[in-house]
Novice: 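Before I ask anything, let me first share the structure, which is written out below as structure tokens.
This is a predicted model, so every value here is computed, not measured. In what follows, chains are A, B, ... by sequence order, proteins preceding strands, each numbered from 1.
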Amino acid sequence: MAKSEVSAAGDDASPSSSRPWQSYNTVYTNAKAGMEGVDKEKVQRIVYEMSKGSKYFENEERKEGYMKQKIENMRAQCLKLTKADISHYQKLAERRILELEATRDLSRIWIHVDMDAFYAAVETLSNPSLQGKPMAVGTLSMLSTANYEARKFGVRAAMPGFIARKLCPELIFVPTDFKKYNHYSGLTRKIFQKYDPNFLATSLDEAYLDITRICKERGVTGAEVAEELRESVYNETGLTCSAGVAPNRLLAKVCSDINKPNGQFVLPNDRMAIMAFISTLPIRKIGGIGKVTENILKDVFGITTCEEMLQKSNLLCALFSRSSADFFFCVGLGLGGTDTPETKMRKSMSNERTFSATGDETLLYKKLVELAEMLSDEMEQEGLCGRTLTLKLKTASFEVRTRAVTLPNYISSSEDILKHASKLLKAEFPVSLRLMGLRISQFMEENVGPSDPTQRTLSKFIVQGDASGKNADECLPLGSDVSDNAFTHDTHTDFPTNSGETISWDLRAPTDNPQISDPNDRCCISGNYSEELGKRPEPQNDELEINVCKSNEEGIPFPGPLEGISLDKPKRGANCAYDETGSCSDHKDLVVWLDDYKCSLCGTELPPSFVEERQEHSDFHLAERLQDEESKDNLRWPTLKQRSVQSNDTQNRGRQRKKKKLSPTPTKCTPIDSFFVKTSQNF
DNA sequence: GGGACGAGAGTCG
DNA sequence: TTCCACGACTCTCGTCCC
């Protein structure tokens with residue numbers, strides 16, 4: 001890495017600097033709609049002065065230091081790369097970029113609609129006297145949003161109110177009223193539905209619509225649809241919104257921000273236009289690239305625009321996990337999600353409360369009781385039972401800790417939650433806390449909502465055939481890193497997924513909300529792409545390298561031999577499953593209930609009255625059996641990686657799913673769920 | 001060696 | 001006067017156990 005490319009984020013961070021605030025890396029100076037004319041230095045100085053010396057500030061400095069260390073580590077790794085390394089990574093990167101380019105789909109027209117300063121606008125509607133005055137929704141602790149008058153002063157969402165007031169002494173504070181916001185959100189959604197019945201609402205004030213069909217049917221352009229839609233929203237609600245029209249959701253999201261407020265921007269379905277658009281687009285505009293990732297890319301690689309992702313592809317290849325590198329390449333190519341993802345299902349439920357820091361154990365237990373009751377109430381409202389309970393703590397010094405326990409049984413009552421949460425909390429004493437939270441996850445699948453189309457059914461379980469969560473890797477070619485299951489459908493960047501054939505370099509859609517691998521650890525050359533480079537033999541030919549797997553109509557890859565077989569959940573009482581030849585294996589006696597109570601296979605106890613649960617349990621073992629049979633018969637398409645190790649029986653066996661000792665329900669398969677849920681993310 | 005789990009971090013609205 | 005939220009999701013790594 002040339003020195004000139006390293007901008008050294010903290011080089012001017014000397015405490016002795018005459019402008020110490022310049023080194024205070026706050027998000028509040030980041031570009032946001034309506035803040036173009038803001039005096040960034042003034043904002044930075046005020047935020048710094050309001051913050052310095054506080055516990056929060058100290059914690060931010062700690063985090064900053066950690067980030068700088070990561071950056072230094074990555075720079076060191078860059079310097080270690082030899083010419084040969086770089087050349088090899090260059091080849092890998094070029095090949096991967098070509099593969100990704102081949103997935104480009106310019107046939108769809110997506111629109112991202114974003115309400116302008118939604119909460120603030122709703123409040124102004126109900127109180128017109130706020131019109132034209134700087135106003136923010138939230139409290140002195142934290143703002144939810146600010147209107148455009150307030151943004152001129154540097155006031156913005158997620159800013160503490162006391163700082164906002166310093167920036168704008170006339171600022172009017174309005175408390176949040178979600179009932180109102182939900183009402184208006186409902187009105188907008190009725191309009192969205194007319195244009196795309198399957199539109200994707202990502203929050204109260206944002207949605208993605210696939211307007212391909214409506215454009216074709218009515219013979220109109222995306223721009224015309226956007227105009228009409230925005231007008232409808234205004235007529236129906238009195239609120240303005242902005243829109244972005246583009247061939248995929250990633251770009252549509254970026255576009256909707258360009259002419260905010262009350263404007264729109266259209267990016268044509270043309271590769272040249274996209275590449276021109278991307279060429280100067282700052283990386284921070286991309287959903288999924290936050291402060292940390294931006295700093296790493298800028299300070300280690302000198303990357304500030306999306307186009308530079310491609311120019312530095314070899315280094316990205318060398319230093320990041322495959323999923324992260326793919327994400328960056330997709331950004332550089334302007335690729336995003338074009339399919340309509342399935343509705344996502346809830347994976348966790350949590351609540352947390354901030355309070356004045358205290359070490360009083362009685363008080364903290366009292367807070368815990370409140371949290372447990374709140375959580376239990378919400379779970380009962382949604383009919384959920386979960387078995388992983390996580391206690392979140394924020395200490396007086398803003399250090400965040402989480403402590404989790406996975407239980408053998410599902411719980412939902414406040415008593416159960418409190419019982420286990422108390423144990424977790426007790427282990428932390430003595431401690432002074434300013435926040436406590438409880439999260440429950442690993443829901444009993446039936447409770448998540450059978451009507452939810454995204455619910456992972458047994459059929460999918462069978463199709464995937466692996467509860468390990470590494471299922472997608474089964475189709476990966478040589479060198480695929482099984483630990484690298486990050487390449488999933490991300491919420492914000494939404495990489496393309498193919499509906500028919502999928503290049504199986506990584507079958508999963510790249511993440512929309514890519515969590516960039518920890519550079520501190522991931523920068524080692526032995527990882528991921530590096531692994532391909534260093535350990536695996538060069539592919540014999542391209543056919544091996546681009547192993548094409550089939551995928552179902554949802555774009556979910558499945559192994560060939562099961563193609564065409566009905567994969568619906570087996571009928572209750574008909575414990576029958578197909579083998580690869582389509583014949584039916586009788587599994588009806590798979591589970592025997594010892595003493596009419598205990599599962600003969602795993603010891604799980606279910607009384608006779610639990611008919612549904614017993615059936616599900618039986619299904620679970622059935623699936624497990626099928627999986628075993630499938631593995632034995634090599635039903636699954638051998639992946640390149642597998643091909644390369646097929647002779648190694650030990651390794652092959654290692655890929656078979658281990659039997660669970662504890663299987664409270666037949667659906668303990670979170671990692672797979674994770675995959676399906678991820679592929680159904682909205683963006 | 002691999003899977004399950006715990007912990008921490010990053011991101012978004 | 002008031003002094004940095006909340007909820008949800010994802011990814012990665014380390015550790016333990018089989």
Novice: Does the distance from a Lys or Arg side-chain N to an Asp or Glu carboxylate O, for R346(A) and E382(A), drop under 4.0 Å?
Specialist: yes
Novice: Which part of the nucleic acid does S54(A) contact within heavy-atom distance under 4.0 Å: base, sugar-phosphate only, or nothing?
Specialist: nothing
Novice: Would you kindly give the CD-to-P distance between E352(A) and dG7(C), to the nearest whole Å?
Specialist: 5 Å
Novice: Just how far, in rounded Å, is P of dC4(C) from CG of L140(A)?
Specialist: 10 Å
Novice: Between dC4(C), dT12(C), dC5(B), spot the one nearest the side chain of T406(A), thanks.
Specialist: dC5(B)
Novice: In whole Å, measure the gap between the P atoms of dG13(B) and dC4(C) for me.
Specialist: 24 Å
Novice: To the nearest angstrom, how far is L167(A) atom CG from dC3(C) atom P?
Specialist: 17 Å
Novice: Kindly compute the distance separating CZ (R156(A)) from CZ (R151(A)), expressed to the nearest 0.5 Å.
Specialist: 8.0 Å
Novice: To the nearest Å, how far apart are L435(A) CG and dG7(C) P?
Specialist: 9 Å
Novice: Could E294(A) and K298(A) be called an ion pair, given the rule that one side-chain N must be under 4.0 Å from one carboxylate O?
Specialist: no
Novice: Determine, stepwise, if the pair E61(A) / K63(A) fulfils salt bridge (charged side-chain N to carboxylate O under 4.0 Å, His left out).
Specialist: CA-CA 5 Å; E61(A) 286 194 319; K63(A) 291 197 296 191; over 6 Å; no
Novice: Which dot-bracket string fits DNA chain C when only Watson-Crick or G-U wobble pairs with both atom distances under 3.5 Å count, crossing pairs get [ ], and | stands for a partner on a different strand?
Specialist: .....|||||||||||||
Novice: So which of residues 394-402 of chain A are in contact with DNA chain B, with a heavy-atom cut-off of under 4.0 Å?
Specialist: R401(A), T402(A)
Novice: Could you work out which one of dG6(B), dA8(C), dG10(B) sits closest to the side chain of S350(A)?
Specialist: dA8(C)
